[in-house]
Protein chains: 2
Amino acid sequence: MEARIDKIKQQLQAQGYKLTPQREATVFVLLANEDDHLSAEDVFLLVKEKAPEIGLATVYRTLELLHELHVVEKLNFGDGVARYDLRADNSKHHHHHLICTECGSVDEIKEDWLLPLEERLEKEYGFAVDDHRLDFQGICHRCKP
Amino acid sequence: MEARIDKIKQQLQAQGYKLTPQREATVFVLLANEDDHLSAEDVFLLVKEKAPEIGLATVYRTLELLHELHVVEKLNFGDGVARYDLRADNSKHHHHHLICTECGSVDEIKEDWLLPLEERLEKEYGFAVDDHRLDFQGICHRCKP
DNA sequence: TTAATTGCAAATGATTTGCATTTCT
DNA sequence: AGAAATGCAAATCATTTGCAATTAA
C-alpha cells in the first residue's frame, strides 16, 4: 500500500506537478476504497473527514489530473455522475464490470478476457485497439434466488 | 423501413402510450440516422426541420420513453452528453462500438461476440447476464497510417 | 522567489420538472 | 370526456472556471 502511494506520488512529481496535502489525501482515499466506484462527491466527503478544508473543485481537479496521468479510470454507469476507479498496478486495461440491476452493486473482473477479440478486431476491421470497456448488466450471485 | 416504424408505433400503442406527431417525427429521425449516435440536441434539431414547433423537453421525454421500451439504447461516451442509438430489430443486446481516438468516429459491430464469455460468467461468477456493453478505443482503419 | 495550486463563489451546460394548455383515443 | 402529452420557462444538478490568496519546490 505504501508502495502504491509512493508510486503515484512519483508519477505526479515526475510530470512536474506539486504534491499538495489535498492531492495526497485524495490519493489516499482512492487507495483505501479501491473496490468501490466513487463519484467526485463521494471522494470529496471522504477526504473532508481527514482534511476538512478541501474544496469540491479541488477534488474535481485532482481526479481529472489523475485521470490524465492514467492513474484512475473515469467511468459512467449512466446514473448521471462520473465515477473514478484506481487503475490496477500492472494492467493497462480497464476492468470488466458486473453491474447488478437488482441491488446496484458493481463487481469487477480483474482478468482480461478480450485479447482474442482484439486480435480479431485488428484483422477483420483494421482497428488498432488501445483500450476497451466491458460491462455486463444482470443479476449478481447475491441476489439470485 | 416502413415495417420498422410500424413496429415501433405498435410497441408504443401496445403499452397504452399515445402516438403523437412529435413521437412519430422523433422515431422517423432515429430511423433515418440509424448509423449515427445522436444526442438529444441533435435529434431535436433534426426533428425541428420537419416539425418546427417541437420542444426540446418533448424530445428528452420521448427518448427516455423509447429507452424504457428498449427501442433505443442510451449511451455515454464520456463527452458529457447522452447519445441514443436505435436497437437492432432482432438482437436483444447492445452493439459493440469502435471509438476512434483520432477522428472521433464511432463504428458498430453488429455481431454478438460475447456469448461464450457470458456463459463463463454465469458458471464462474454466478452472474446472470441480461445485457452488456462493449466499447473499444483505438485507431480506426481510416486513420491508420 | 514564483509558478502552480487552492478555495470560494459564480458560471455553465445538460437534463428535468411544474403547470397551464392542447391533443390523442 | 378525460387522461396523456406538449411547450415553455424555471429549476436542478454535476461539473467547470475566474480570481485573489496561499503554498510547494
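In what follows, chains carry the letters A, B, and so on, assigned in the order in which the sequence lines appear, proteins first and then strands, with residues in each chain numbered from 1.
Two different hydrophobic clusters hold Val72(B) and Val106(B) under the rule that ILVMFWY side chains link at heavy-atom gaps under 4.5 Å.
In this structure, the side chain of Asp6(B) does not engage the main chain of Ala3(B) through any donor-acceptor pair within 3.5 Å. Judged purely by atom type and a 3.5 angstrom limit, Thr101(B) uses its side chain to pair as donor or acceptor with the backbone of Gly138(B). Asp36(A) contributes no side-chain N or O that, together with a main-chain N or O of Leu38(A), makes up a donor-acceptor pair within less than 3.5 Å.
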Nucleotides 19-24 of chain C: which of its N/O atoms have a protein N/O under 3.5 Å away?
residue, atom, partner, partner atom, Å
dC24(C), O2, Lys18(B), NZ, 3.0

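The stretch residues 67-84 of chain B comes close to DNA chain C through Gly80(B), Val81(B), Ala82(B), each having a heavy atom under 4.0 Å from the strand.
OP1 and OP2 of dT6(C) both lie 4.0 Å or more from every side-chain N or O belonging to Thr58(A).
Between Leu56(B) atom CG and dT15(C) atom P the separation is 9 Å, expressed in whole Å. Whole-Å rounding puts the Ile54(A) CD1 to dT5(C) P distance at 14 Å. The distance between atom CG of Leu63(B) and atom C1' of dA14(C), rounded to the nearest whole Å, is 13 Å. For the pair Tyr60(A) OH and dT12(C) P, the computed distance is 18 Å after rounding to whole Å.
Heavy atoms of Glu53(B) sit under 4.0 angstrom from primed sugar atoms or phosphate atoms, though from no base atom.
A salt bridge does not link Arg120(A) with Glu122(A): none of the charged nitrogens is closer than 4.0 Å to a carboxylate oxygen. Under the 4.0 Å criterion applied to side-chain N and carboxylate O atoms, Arg142(B) and Glu102(B) are not assigned as salt-bridge partners. With respect to the salt-bridge test (charged N to carboxylate O, under 4.0 angstrom), the residues Asp35(B) and Lys110(B) qualify.
Sorted by first and then second residue, the ring-ring contact (aromatic ring centres under 6.0 Å, His included) pairs with a member in residues 124-145 of chain A read His93(A)-His132(A), His96(A)-His132(A); sequence neighbours excluded.
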Identify every side-chain donor-acceptor pair in residues 47-70 of chain B under 3.5 Å, counting partners at least two apart or on other chains, and give the distances.
residue, atom, partner, partner atom, Å
Thr62(B), OG1, Thr58(B), O, 2.9
Glu64(B), OE1, Lys74(B), NZ, 3.2

Could you list the donor-acceptor pairs under 3.5 angstrom formed between side-chain atoms of residues 14-25 of chain B and any protein atom two or more places apart in sequence or on another chain?
residue, atom, partner, partner atom, Å
Thr20(B), OG1, Arg23(B), N, 3.2
Arg23(B), NH1, Lys18(B), O, 2.8
Glu24(B), OE2, Lys9(B), NZ, 2.8

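First and last contacting nucleotides of DNA chain D toward chain B (any atom under 4.0 angstrom from a heavy atom, 5' to 3' order): dA3(D) to dC8(D).
In summary, of the residues considered (His97(A), Arg83(A), His95(A)), a side chain to side chain donor-acceptor pair (under 3.5 Å) with His37(A) occurs for His97(A) alone.
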